[in-house]
Structure formats: C-alpha cells, structure tokens
Number of protein chains: 2
Amino acid sequence: MSLWERLDRPGDPAHQARPALTVQRIATVAVGIADTNGLGAITMRRLAKDLGVAPMAAYRHVEGKDDVLELMVDHVYGEVKLPAATDWRTTMRALACGVRALVLEHPWLTQLPATRAVFELTPARMALAERALAALRGAGIDADTSMSIFRTVTAYVHGATSNELGLRQLMADQGWTDGAESRTGLASRMTWLLNTGRYPTFERYIREAAHKDDPQWQFDVGLDALLDGIATRISRPRRS
Amino acid sequence: MSLWERLDRPGDPAHQARPALTVQRIATVAVGIADTNGLGAITMRRLAKDLGVAPMAAYRHVEGKDDVLELMVDHVYGEVKLPAATDWRTTMRALACGVRALVLEHPWLTQLPATRAVFELTPARMALAERALAALRGAGIDADTSMSIFRTVTAYVHGATSNELGLRQLMADQGWTDGAESRTGLASRMTWLLNTGRYPTFERYIREAAHKDDPQWQFDVGLDALLDGIATRISRPRRS
DNA sequence: CATGGTTGGATACGTTGTACACACGAGTGA
DNA sequence: TCACTCGTGTGTACAACGTATCCAACCATG
C-alpha cells in the first residue's frame with residue numbers, strides 16, 4: 001500500500017488493531033517541529049519523542065525519514081488556496097503569492113533536499129498544479145504552453161523565495177534585525193572580499209540602492225515582469 | 001584569516017611549514033568526488049581518503065564540512081564565463097545559460113542546502129554578479145533595477161535547473177533512459193494518484209504535450225518570456 | 001642547536017538513520 | 001472458549017557520520 005493510499009485512509013476503524021499512530025499525525029507533529037525548531041530538528045528520535053512513542057514506532061507507517069519529509073511537504077501544500085476561476089494571469093499570480101506565503105510560513109521548505117522540494121509529486125502539490133493548469137486551459141492555452149507557463153512561474157517562485165529565505169535565515173542566525181544592521185554585519189563578513197577592489201559595481205549597489213530591504217517589492221517586480229513576458233507571448237504566439 | 005584569504009594565497013612559499021594540503025586541493029578533490037559519486041559521497045572521511053591523509057587533516061584548512069561545500073561552490077562557479085561587453089540582454093542570457101550548463105555539469109549543486117546554493121557570497125559568485133551588474137549598468141540601468149533584474153534572472157535559473165535536475169536524477173535513480181520510459185515508470189508510480197481522477201488536466205498534459213522531453217526548449221521559452229518582460233519594463237519605466 | 005608555531009595522525013565521543021527480534025492485543029475460525 | 005494470526009509498538013544494537021582533543025613530526029628562525 002502506497003504512502004498516499006495510507007494518507008487517504010485516516011482512521012479505517014473497521015480494520016484490525018487500531019493504531020495510535022497515523023501518517024497524518026506523523027505529518028502534523030513533524031511540521032510542528034520544523035516550524036518551531038527548523039528542519040535540523042527533524043530527527044526520527046525527536047519525532048518519536050514528540051509523538052510519545054518509541055524511536056522505531058514510526059517505521060510501521062513510513063519507510064524512512066524521506067517519507068516523513070515527503071509527508072511534511074504534502075501536508076503544508078494543502079494550505080495554498082487559489083481563487084475561484086478568473087483569468088489565467090490572476091490565477092498564476094495567486095499561485096505565486098500563495099506559494100511564497102507558504103514558504104515564508106514554513107521556511108524549512110527551502111532547506112530540504114532540492115530534489116524533493118521542487119519535483120516530488122504529492123497529492124496536494126498535484127492538486128495545486130491541477131488547479132493552475134485548469135485555469136490556463138480555461139483560457140484556451142494548449143497543453144505544452146500551459147505546462148511551460150506553470151513550470152516557469154513555479155521555477156521563479158522557488159528561486160526567488162529560496163533567495164529571500166536564505167538572506168532572512170542568515171540574518172536570523174546572526175541576530176540582525178533590520179537591513180542596515182545586516183548590511184553592516186555582511187560588510188564585516190565581506191570586508192576582505194570587497195577590499196580586493198574587484199567588485200566596484202557591487203559596492204555601488206550597496207551604496208545607492210533604495211529597495212534593498214523590500215523583499216516583497218523585489219518579488220513582485222520580478223513576477224510582474226515574468227507575467228508580462230508570458231502575456232505577450234500568448235497574445236502573439238511564437239514560432240516552433 | 002578568512003577562508004577566501006587562504007584561497008588567494010596558494011603556495012605562500014616563504015611561510016612556515018609548507019602544507020601538502022591546500023584549500024585548492026581540497027576543493028578540487030571534493031568537486032571530483034561529488035561529480036562522480038554525488039553529493040552524498042562527500043564525507044570528511046572519504047575526502048580525507050581521496051586526499052591521501054588522515055580523516056582529521058582537512059580541519060587544519062577548513063572549519064568544517066560547511067566550509068568544504070562553500071569551497072566547492074566557489075570552485076565550480078569559476079567555470080562560468082560571460083562574453084565581452086554587449087547589450088544587457090545578451091549578457092543576461094549568457095549568464096542564465098552559463099549557470100544552467102554549470103548545474104548540468106555539476107548536478108550536486110542543486111542538492112546542497114538551499115541557503116548555501118542560492119545566497120552564499122563566494123569570490124567566484126561575486127565576480128559573476130559583478131560582471132552581470134556592470135553590463136546592466138553599462139546599459140544605463142539604475143542600481144535598484146539592475147539588482148532586481150539580476151536577482152530575478154538568477155532566481156528563475158535556479159528554480160528551472162533544480163526542476164530539470166530533479167527529474168533527471170529521478171530518471172537516473174530509476175534507470176529510465178528516455179522520456180517515454182520515464183513516463184511509463186512515473187505513471188506506475190502515480191497510478192494510484194491518477195486513478196483517483198482528481199487530476200484530469202494533468203492527465204491531459206501527459207497525453208497531449210509534445211515538448212515534454214525537451215528541457216532545453218522549456219528552459220529557453222521561460223527565459224525568453226522573462227527577458228521580454230524585463231525589456232518592456234526597462235523601455236517603459238514603471239512607477240515607484 | 002634549541003624553540004615555537006604549523007601541519008598531519010590517532011583516538012574517541014555523541015548523534016544519526018535504521019535493521020532486527022520480540023511483546024502485546026484484538027480479530028477470526030475451530 | 002481457545003489457539004492462531006496479523007498489525008502494531010518496544011528494546012537493543014550497529015555502522016556511519018561530524019568533529020573535539022591530544023600527540024608527533026616538521027620547518028623557519030633565534
């Protein structure tokens with residue numbers, strides 16, 4: 001029986017000895033640990049302790065730690081909601097912002113092995129893809145282009161949020177609270193590098209940029225540019 | 001003395017006892033291991049064995065495994081070359097394709113902790129950023145917009161390549177060689193999910209799409225859309 | 001030659017994921 | 001009612017990992 005089959009069969013009361021452990025409970029508790037203590041705190045022993053069972057108990061329900069991570073991803077992706085059918089652009093924008101909000105709420109999403117984060121097919125992720133693809137289809141866009149748009153947007157969102165979270169986590173690790181402080185801290189970290197004089201344009205950015213500390217602005221600008229480009233390509237279909 | 005300072009001082013022949021180990025050699029050997037055996041093979045013990053020294057020897061030159069990963073990233077990013085100054089779009093396109101080529105050659109880049117992969121400032125990464133930012137500056141683009149463009153393009157590239165590599169690795173793990181074979185394999189893996197009937201549009205894609213197995217096409221289409229959108233926003237500067 | 005700092009070696013510890021054998025307890029067929 | 005079986009949780013154990021710590025060998029300098 002597959003992992004997702006087990007997930008779909010919550011209590012199964014008429015079946016054999018009823019377990020105190022279920023995949024749902026494992027997923028919920030694991031997400032709780034990661035939310036408060038980071039992905040590094042996800043340990044089969046820690047998980048078992050928080051579940052109130054022996055270290056090996058969870059292995060009756062998952063094949064290993066990888067399964068736990070997969071369950072966690074699926075569990076939180078259920079939180080992303082798309083608005084009822086509107087135009088494709090509104091849907092894709094909602095998808096992008098929804099996933100970004102999800103990642104900001106569960107920062108560990110950007111820390112897990114990239115393979116799993118980006119590609120793994122879990123029910124909740126597929127449901128999200130289904131909603132987005134259906135919206136694109138509703139706009140009369142063919143299958144190849146639909147998937148291309150979906151992939152491109154999610155690729156941008158993953159890259160952008162990883163970047164944003166990377167900085168945010170670095171700041172948290174170092175105890176920096178605002179942009180100015182972190183620039184000072186970063187500067188001291190990069191003093192030697194910058195003093196090599198090899199990066200004049202980079203230094204210029206550090207001096208001149210005004211939107212340095214506004215990740216929302218940065219995310220939106222990039223996303224809008226991307227959606228603009230997609231829109232023109234849809235209205236004027238390209239060759240090949 | 002910082003890690004990068006040590007990196008810049010290769011032999012330092014007039015200094016104290018000369019080491020058989022250098023950060024360069026550590027980086028080179030580590031990259032070799034990861035290239036042939038994957039990131040999972042990077043172990044301080046394995047690294048030491050391939051270096052021909054005792055397990056703890058490397059710790060005289062790096063603070064820990066994290067430093068090794070950082071060195072590896074920096075080492076391979078030196079491979080990315082940008083063409084001599086042309087227009088900004090050509091430069092950004094070269095940057096995107098160069099990084100993609102790099103990732104395809106060193107797939108482990110997508111597997112390391114995302115924080116490190118996306119944000120870490122190493123000399124080679126900063127040199128690349130410097131080149132790209134200088135090209136944008138040369139086109140008369142202001143500091144905020146330059147950095148925004150750079151971040152957006154690299155975000156897309158990282159997301160897209162992670163996605164592409166994720167699929168490629170899954171295929172390699174399962175021994176699938178072409179698209180058709182992997183679709184069969186994937187199908188059997190998702191049979192239960194698809195049989196729930198919850199993903200009709202997704203199924204339609206699997207049946208209809210023609211460019212499913214052309215990652216280069218997918219990458220280019222998304223990148224061109226993104227660059228199109230950026231171009232229109234540069235020529236018609238937006239408010240705020 | 002003596003000295004001090006730098007390099008590599010050896011040993012050891014705590015933590016991790018997980019294999020394995022066992023114990024319990026409820027459902028089923030006699 | 002009584003084995004019997006199967007699904008569940010427990011206890012113990014092991015190999016592999018990152019790395020702290022102490023020690024020996026070396027070289028440039030006085």
Side-chain angles (χ1 to χ4, degrees), chain A residues 1-3 5-7 9-26 29-30 33-34 37-72 108 111-113 115-116, chain B residues 1-3 5-7 9-26 29-30 33-34 37-72 108 111-113 115-116:
Chain A
M1 183 165 57
S2 92
L3 184 63
E5 231 165 321
R6 271 197 295 270
L7 186 61
R9 198 171 302 186
D12 208 352
H15 209 70
Q16 305 291 8
R18 256 232 297 330
L21 247 41
T22 61
V23 284
Q24 288 84 354
R25 216 161 83 73
I26 293 175
V29 170
I33 296 174
N37 297 93
L39 192 64
I42 295 289
T43 292
M44 294 310 281
R45 290 172 162 85
R46 167 69 189 273
L47 181 58
K49 183 193 266 184
D50 282 31
L51 284 164
V53 295
M56 291 300 294
Y59 282 87
R60 293 285 173 200
H61 305 267
V62 297
E63 290 199 357
K65 190 179 180 179
D66 281 3
D67 268 9
V68 174
L69 298 178
E70 216 161 325
L71 280 174
M72 292 169 63
W108 47 268
Q111 294 180 305
L112 33 79
T115 308
R116 202 168 312 283
Chain B
M1 184 165 54
S2 92
L3 184 65
E5 228 164 326
R6 271 197 295 269
L7 186 61
R9 200 171 301 187
D12 207 354
H15 208 70
Q16 304 291 8
R18 256 233 294 327
L21 244 42
T22 60
V23 283
Q24 287 86 354
R25 215 161 84 74
I26 293 175
V29 170
I33 296 174
N37 297 94
L39 191 64
I42 295 289
T43 292
M44 294 310 282
R45 291 173 160 85
R46 167 69 191 274
L47 182 58
K49 183 193 263 183
D50 282 33
L51 284 164
V53 295
M56 291 299 294
Y59 281 86
R60 293 282 170 201
H61 304 267
V62 297
E63 289 198 358
K65 190 180 180 179
D66 281 3
D67 268 10
V68 173
L69 298 179
E70 215 161 327
L71 280 174
M72 291 169 65
W108 47 268
Q111 293 180 305
L112 33 79
T115 308
R116 204 166 312 283

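Chain letters run A, B, ... following the sequence lines, proteins first and then strands; every chain starts at 1.
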Is there a side-chain contact between [X] and [Y] (heavy atoms, below 4.5 Å)?
| X | Y | value |
| --- | --- | --- |
| Lys65(A) | Ile42(A) | yes |
| Val68(A) | Met44(A) | yes |
| Leu69(B) | Leu39(B) | yes |
| Arg60(A) | Leu21(A) | no |

Which whole-number value in Å describes the distance from [X] [atom1] to [N] [atom2]?
| X | N | atom1 | atom2 | answer |
| --- | --- | --- | --- | --- |
| Tyr59(A) | dA21(C) | OH | P | 17 Å |
| Leu47(A) | dT16(C) | CG | P | 12 Å |
| Leu51(B) | dT7(C) | CG | P | 15 Å |

Under the rule for salt bridge (Lys or Arg N to Asp or Glu O under 4.0 Å), what residues qualify as partners of Arg46(B), not counting sequence neighbours? Asp50(B)
Would you mind telling me which residue lines up with the more 5' stretch of DNA chain C, Met56(A) or Arg60(B), judged by nearest nucleotide? Arg60(B)
In short, Ala54(B) meets Ala48(B) closest at the heavy-atom pair O-CB, 3.4 Å
Applying a 4.0 Å non-hydrogen cut-off, can you work out what Ala57(A) is touching in the nucleic acid: base, sugar-phosphate, or nothing?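 If one applies the 4.0 Å heavy-atom cut-off, Ala57(A) turns out to touch a base.
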Pick the nucleotide of DNA chain D nearest each of Ala58(A) and Pro55(B); which residue has the one closer to the 5' end?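 Counting from the 5' end, the first nearest nucleotide belongs to Ala58(A).
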Give a yes/no answer on whether the side chain of His61(B) brings an N or O atom under 4.0 Å of OP1 or OP2 in dT6(C). no
For nucleotides 15-17 of chain D, which of its nitrogen or oxygen atoms have a protein nitrogen or oxygen under 3.5 Å away, and what is each distance?
unit_1, atom_1, unit_2, atom_2, d
dC17(D), OP1, Thr43(B), OG1, 3.3

